Amino acid sequence: MHVAVTGSSGFLGSALRRAMTAEGHRVSRIVRRAASGADEITWDPTAGTLDPAALAGVDAVVNLAGAGIGDKRWTDAYKRELLDSRILSTTLLARTMA
């Protein structure tokens with residue numbers, strides 16, 4: 001199975017990527033910087049950019065992207081950032097896959 005993963009450099013994403021690779025799955029990392037290899041796909045959830053062609057052949061997408069829940073104090077503004085970061089990424093992925 002070919003799986004694309006956002007948030008693949010985080011705590012959960014790193015573990016998921018290792019486990020899936022060990023099981024024989026192909027994992028593509030969806031990253032916010034310029035892709036540095038064939039196993040990476042570039043996106044920008046804030047700008048709403050993700051090339052649909054980059055997801056061709058992908059069987060599943062796991063979205064672990066979002067502002068860190070332990071990075072800052074949960075002020076009202078940061079709660080909004082936590083929510084918005086997840087909504088923007090999920091919306092972009094769903095729209096692109098559709």
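Since the model is a prediction, treat every value here as computed from it, not as a measurement.
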Gap between atom CD1 of I69 and atom CZ of R86 - 0.5 Å precision: 7.0 Å

Indicate, with yes or no, if V3 and L12 share a hydrophobic cluster defined by side-chain heavy-atom contacts under 4.5 Å among Ile, Leu, Val, Met, Phe, Trp and Tyr. yes

If two hydrophobic side chains count as joined below 4.5 Å and joins carry through other members, does M1 share a cluster with V27? yes

Beyond-backbone contact of I41 with L50, side-chain heavy atoms, under 4.5 angstrom: yes

Any side-chain heavy-atom pair of L93 and I30 under 4.5 Å: yes

Kindly work out whether a path of hydrophobic side-chain contacts (I/L/V/M/F/W/Y, heavy atoms less than 4.5 Å apart) joins M20 to F11. yes

Qualifying salt bridge (charged side-chain N to carboxylate O under 4.0 Å, His left out) pairs with a residue from residues 72-83, counting only residues at least two apart or across chains: R80-D84

Where do L92 and W43 come nearest, in terms of heavy atoms and distance? CD2-CE3, 3.7 Å

Tightest non-hydrogen contact, residues G68 and Y78, listed as O-OH, 2.6 Å

Identify each donor-acceptor pair in which a side-chain atom of residues 51-66 lies under 3.5 Å from a protein atom, sequence neighbours left out, and give them as a table.
| from | atom 1 | to | atom 2 | distance (Å) |
| --- | --- | --- | --- | --- |
| D51 | OD1 | A53 | N | 3.1 |
| D59 | OD2 | H2 | N | 2.8 |
| N63 | OD1 | T6 | OG1 | 2.6 |
| N63 | OD1 | A65 | N | 3.1 |
| N63 | ND2 | S89 | OG | 3.2 |
| N63 | ND2 | T90 | OG1 | 3.0 |

Scan for salt bridge (charged side-chain N to carboxylate O under 4.0 Å, His left out) pairs involving residues 26-46, sequence neighbours excluded, and state none if there are none. R29-E40, R33-E40

